[in-house]
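Working notes, structure below.
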Amino acid sequence: MSNKRKCLMCETEYKYCPYCRDYDQQPRWKTTFDKEECRNVYNILTGYYSGNYTKDVAREKLLNVNIDGIVFNNAVKKQIDEVLQVSTEELKTVHDEITDSDDIMDGIKNIEPVLKNDKVFEKADEKKKQVVKIKPVSTVKPVVNKATNK
Ligand SMILES: [Zn+2]
């Protein structure tokens, strides 16, 4: 049996044989994938498309796999894009969750006069001035040699 294989995900050619002693030390997933990242991506995509992972979970897992530089085949690429892509419905949900911006602006308008009238800032400024007025005290202490100081 030929030990030449092609990764299911990235189509990289590599050598592995599940029946040869030479490859005994290598993991069994080598039968299908050339590297662990490909195997991980496969598991995540399978989990997502079989309904075990929600899109959010799948996306997070996918982002944790270092897939930089791996050229997946087109079918896999599409699936990855699908998982990573945030749908317009999801974006709309996020948008709708944000409180109406008019309410926020009204809130700011109400706070502003309170801040302006508050004496807190003036007091803070006074304290700063006081701190500056205090003269620095020398922190250098005379060195006492304990060994000779009987
Ligand atoms: Zn691969």
Side-chain angles (χ1 to χ4, degrees), residues 1-132 134 136-141 143:
M1 190 185 172
S2 169
N3 60 5
K4 273 189 186 169
R5 304 204 150 257
K6 205 189 227 182
C7 175
L8 184 75
M9 304 295 278
C10 67
E11 292 177 4
T12 300
E13 288 184 5
Y14 63 103
K15 285 180 179 179
Y16 176 77
C17 169
Y19 310 107
C20 307
R21 281 197 126 201
D22 293 356
Y23 301 97
D24 258 3
Q25 301 300 313
Q26 298 197 21
R28 265 301 149 96
W29 51 257
K30 280 262 180 178
T31 312
T32 333
F33 311 106
D34 63 330
K35 29 180 184 290
E36 197 158 11
E37 286 83 359
C38 292
R39 176 192 174 226
N40 289 341
V41 169
Y42 175 83
N43 287 340
I44 294 164
L45 291 177
T46 311
Y48 170 63
Y49 284 100
S50 65
N52 285 335
Y53 297 151
T54 64
K55 201 175 192 178
D56 283 344
V57 171
R59 186 186 298 137
E60 207 179 307
K61 284 180 183 288
L62 212 49
L63 291 174
N64 279 323
V65 182
N66 184 19
I67 56 173
D68 287 352
I70 302 177
V71 183
F72 294 105
N73 71 46
N74 284 335
V76 175
K77 259 189 227 163
K78 268 188 195 167
Q79 292 184 341
I80 291 174
D81 285 350
E82 153 74 20
V83 172
L84 292 182
Q85 183 199 63
V86 180
S87 70
T88 38
E89 288 130 65
E90 280 172 283
L91 284 178
K92 198 180 172 296
T93 314
V94 172
H95 180 264
D96 289 348
E97 276 168 11
I98 297 169
T99 329
D100 193 37
S101 59
D102 283 348
D103 284 351
I104 296 172
M105 286 314 293
D106 282 351
I108 291 170
K109 276 178 203 154
N110 290 336
I111 291 169
E112 263 179 1
V114 178
L115 288 179
K116 275 178 188 162
N117 290 329
D118 207 320
K119 301 281 179 195
V120 168
F121 294 114
E122 279 175 37
K123 279 181 187 168
D125 282 346
E126 270 172 37
K127 274 203 174 167
K128 266 188 211 161
K129 281 175 201 160
Q130 282 172 8
V131 171
V132 174
I134 297 168
V137 180
S138 173
T139 52
V140 182
K141 286 175 186 171
V143 180

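For the single chain, residues carry numbers from 1 onward in sequence order. Both counts, for ligands and for their atoms, begin at 1 and track the order of listing.
- The main-chain N or O of Glu82 is found under 3.5 Å from a side-chain atom of Lys55 such that the two form a donor-acceptor pair.
- Using a 4.5 Å heavy-atom cutoff, the side chains of Arg59 and Tyr48 are not in contact.
- For Asp34, the N, O or S atom closest to the Zn ion (ligand 1) goes by the atom name OD1.
- At a threshold of 4.0 Å, the pair Asp81-Lys78 does not count as salt-bridged, since none of the basic side-chain nitrogens sits closer than that to a carboxylate oxygen.
- Under 2.8 Å from the Zn ion (ligand 1) lies no N/O/S atom of Glu11, from backbone or side chain alike.
- A 4.5 Å side-chain heavy-atom check between Asn52 and Thr46 finds every atom pair outside the cut-off.
- With the Zn ion (ligand 1) as the vertex, SG of Cys38 and SG of Cys7 span 120° to the nearest 10°.
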